[in-house]
Amino acid sequence: MTKLQYRGVAYDTAQHEQLTSQPVEHTYRGQHFNAPLRHEAAASDTEVELQYRGHTYHHRAAEAAQQVNQG
């Protein structure tokens, strides 16, 4: 299924421009990069302690997988 709808207007995602995997000079938040805009997501580091608005979070992938497999 490639046809989606946004606010009543149908659109086809196959018609969207695809990002290149060739290095491109670009600036993001004031930092200069010469890298491809399309890339694979980095693997998550489960040893990193995440903090958001004063709360500490931990990766719970194994716990989430167990809950999904139970139900």
> Mind checking whether Tyr28 and Phe33 have parallel, tilted or perpendicular rings, split at 30° and 60°?
Replying inline: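 Taking Phe33 first and then Tyr28, their aromatic rings sit tilted (interplane angle of 30° to 60°).
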
Sequence neighbours left out, what passes side chain to side chain donor-acceptor pair (under 3.5 Å) with [X]? Give chain and number order.
X	answer
Gln22	none
His55	none
Gln51	Glu49

> For Glu25, which residues count as a side chain to side chain contact (heavy atoms under 4.5 Å, CB included) partner, sequence neighbours excluded?
Replying inline: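 Glu25 satisfies side chain to side chain contact (heavy atoms under 4.5 Å, CB included) with His32, Asn34 only.
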
>> A quick test of your reading: do over 12 heavy atoms of other residues, nucleotides or ligands sit less than 6.0 Å from CD of Gln5?
In response: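 Yes - once you tally the heavy atoms of other residues, nucleotides and ligands closer than 6.0 Å, there are more than 12.
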
>> Apply the hydrophobic cluster definition, ILVMFWY joined by side-chain contacts under 4.5 Å directly or through others, and give me every member besides Val9.
In response: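 In the cluster with Val9 there is nothing else; it is isolated.
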
> Nearest heavy-atom pair of Pro36 and Ser21: which atoms, and what distance?
Replying inline: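 Distance-wise, the nearest heavy atoms are CB-O, 3.3 Å.
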
